[in-house]
2 protein chains.
Amino acid sequence: MSKTARPVPPRAPTLEDVARSAGLSSMTVSRALNTPQLVRPKTVEKVLAAVKATGYIPNALAGGLASRRSKLIAVVVPQINNNMFVDTIQAISDELAVRGYHMLLCVAGYTQQTEAELVAALLSRRPDGIVLTGIHHSTDLKKVILNASVPVVEIWDLTPTPLDMLVGFSHEKVGQATAEYLLRKGYRRPGLLWTVDKRAMQRKAGLCEVLGRHGITDPLSVDVALPARFTSGREGLSQLLALGESDVIVCSSDTLAQGAIVEAQARGLRVPQDVAVIGFGDLDFAAGNNPAITTVSVDRQIIGQRAATLLMERIEGTRSGEEIVDIGFHFIERESA
Amino acid sequence: MSKTARPVPPRAPTLEDVARSAGLSSMTVSRALNTPQLVRPKTVEKVLAAVKATGYIPNALAGGLASRRSKLIAVVVPQINNNMFVDTIQAISDELAVRGYHMLLCVAGYTQQTEAELVAALLSRRPDGIVLTGIHHSTDLKKVILNASVPVVEIWDLTPTPLDMLVGFSHEKVGQATAEYLLRKGYRRPGLLWTVDKRAMQRKAGLCEVLGRHGITDPLSVDVALPARFTSGREGLSQLLALGESDVIVCSSDTLAQGAIVEAQARGLRVPQDVAVIGFGDLDFAAGNNPAITTVSVDRQIIGQRAATLLMERIEGTRSGEEIVDIGFHFIERESA
DNA sequence: TTGTACGCGTTATCAC
DNA sequence: GTGATAACGCGTACAA
């Protein structure tokens, strides 16, 4: 066999190639693939055979350009290695995959500046929808997004005035509910172990507001760096104990709570008898921990599912109904407080 | 102001619009944006001003179609809500963002079938590179990928015959190292708490091989479902104890190990005196746990970084050197075993 | 340094 | 039910 005997072009087969192979026009092939119900069944068969024969793989870049629909959803989160967001991301991804969409995932950290830059870059991909974490964005970002008139869902927070659509819950109310629980249980000297991100601060605000109304002001407080880690929980409790006595440690996440509990136990303190601990998130270890962690449960998957379906519906034009979804939360009393 | 006074078209501004606004050709605008060093500085300024004035956002769909470069990297992982992979994913994302690339993330679960389907769909996006988790893929997938002649990096595993490039480590050796440690420490009745994914099974094979050579065959063993959870660790240990006595529990992940330790402690067993526990992964809680977890450390971020840079280099044509990167691992002796 | 012509692979639209 | 044609918005190749 001579080398020149291989007339196959190195470029990927196109719709044209399939059409030629099937003895049809490229337009018919396109229809057979995208809207088979508009094509005679026998023709569809021929096309499918030709596709297999040629090894054709559609070019979504060209398709998106022509149709002005990229079937791409951009998702922006502050972090991935944060137990809170991964379940949401996975839920979005699962929901999209079913419908032929793909997920562009970006990690923005916790600054509005980088978020704005990332979204600007992301918009060049012409996503059909965008998922943004949180409701606090730079004015630049808001302008750019509204200008692009692309559907947006903000997640993991609540506001009466979202950019567009929203799926989340009230962090302030979580804080309030936590405070009310503490007070009901008779705790009077809370110590706070807290990360400093926006949403955690809202929970803290809600917590302190209710505490303040009951005469508990300026509770002992230790800030820890993001992301919340088990180790930070242990160290944080040490610092908190050095500041003074607490009868309950309120943590901004279960991860911190788990660390705090271990640190307490290592010091011979009984949880909750000597010091109680409360977390947030109901992560998978919370129920099984010893003692089981009293915490606030949030359905992280539902956030992703609803966000994805809201976008899908808006894109397909079948939206009707509310655009602000409050998924709420549950306070879960267990053993640690 | 009459309504007809707004001649602005609803469509997004294009390179043409910017060019008109700047009194230049669209090609010059394109160059000013992509290769400014080829354009007179004053012209670049004019272009930038016009871009700002028009609110132009590049269309990467059109750009990718024309240049045959999507600046997209597809990443396929079995799960996201798995502490092992998130750090790798985040590292990839970070590395890509710096260079103007974006990450398409897909969750494939643990079946080759869905992985193959996802990759096929992904290829229609014309990614410039693909990151695949693991080295076991369906023959279909391999054929499709080789045919597409797109750079691929397989991660989290090791083989002398990767599809293309590879960044990982030997799970078998991890298992062997673990076995050798056990034997050295004098443990003779190991119990296994194991997930059933491919990579975990390789570690198990390495472990059992060395154990077998020392006369320890058919160790007690309990399989747990994916993803590995704290709760599964607790339950798994219960089952294992029901099967018989063990002096050391070897777990396929730190998450399981943490659960097992808590379960042991809840039963009044001292770790490691009454029963030792070994994990895998060196997750962030391992060092701080009480007792600190003896485990195997793997640099999950490096995997992502190297995978991304390998792809970048191959794409930019600046590759030179090895294509199989063994990042190794470290056995970390702590308190739990 | 800047501009022109054309092609990238697909879909919208309208004709048959 | 199928085909022809013209976009879609940009970059490559080459000319000026």
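Here is how names work: the chains are called A, B, and so on, in the same order as the sequence lines, proteins then strands, and each is numbered from 1.
End-to-end axis angle of the helix from C:dT1-D:dA16 to C:dC16-D:dG1, using five pairs per end and rounding to 10°, comes to 30°.
For A:Asp94, the salt bridge (charged side-chain N to carboxylate O under 4.0 Å, His left out) test picks out no residue, with sequence neighbours left out. For B:Glu117, the side chain to side chain contact (heavy atoms under 4.5 Å, CB included) partners two or more places apart in sequence, or in a different chain, are B:Gln113. With sequence neighbours excluded, the residues satisfying salt bridge (charged side-chain N to carboxylate O under 4.0 Å, His left out) with B:Arg20 are B:Asp17. Evaluation of the salt bridge (charged side-chain N to carboxylate O under 4.0 Å, His left out) rule for B:Asp197 yields no partner, not counting sequence neighbours. In terms of the ring pair (Phe, Tyr, Trp, His ring centres under 6.0 Å) criterion, A:Tyr101 has no residue partners (sequence neighbours excluded). Remark: A:Arg126 pairs with no residue by the salt bridge (charged side-chain N to carboxylate O under 4.0 Å, His left out) rule, at least two apart or across chains.
Taking the 5' to 3' direction, DNA chain D first and last meets chain A under 4.0 angstrom from a heavy atom at D:dG1 to D:dG9.
Of the residues in residues 27-40 of chain B, those placing a heavy atom less than 4.0 Å from an atom of DNA chain D are B:Met27, B:Ser30, B:Asn34, in numerical order. Taking a 4.0 Å limit (strictly below) on heavy-atom distances, residues 57-70 of chain B reaches DNA chain C at B:Leu65, B:Ala66, B:Arg68.
Atoms CG (B:Leu15) and P (C:dG3) sit 12 Å apart, rounded to a whole Å. The CZ atom of B:Arg126 sits 7 Å away from the P atom of C:dT10 (whole-angstrom rounding).
The ring-ring contact (aromatic ring centres under 6.0 Å, His included) pairs that include a residue from residues 140-162 of chain A are A:Phe85-A:Trp156, A:Trp156-A:Phe169, where partners are two or more places apart or lie in different chains.
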Result block: side-chain N/O donor-acceptor pairs under 3.5 angstrom for residues 32-39 of chain A, not counting sequence neighbours:
from: A:Asn34; atom 1: ND2; to: A:Ser30; atom 2: O; distance (Å): 3.2
from: A:Asn34; atom 1: ND2; to: A:Ser30; atom 2: OG; distance (Å): 3.4
from: A:Thr35; atom 1: OG1; to: A:Arg31; atom 2: O; distance (Å): 3.4

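Smallest separation of non-hydrogen atoms from A:Ile327 and A:Asp299: CD1-O, 3.7 Å. Between A:Ile145 and A:Leu132, the shortest heavy-atom distance links the atoms CD1-CD2, 3.9 Å. Of all non-hydrogen atoms in A:Pro151 and A:Ile315, the two that sit nearest each other are CG-CG1, 4.4 Å.
Backbone-only engagement by A:Thr43 is indicated by non-hydrogen atom pairs under 4.0 Å involving sugar-phosphate atoms exclusively.
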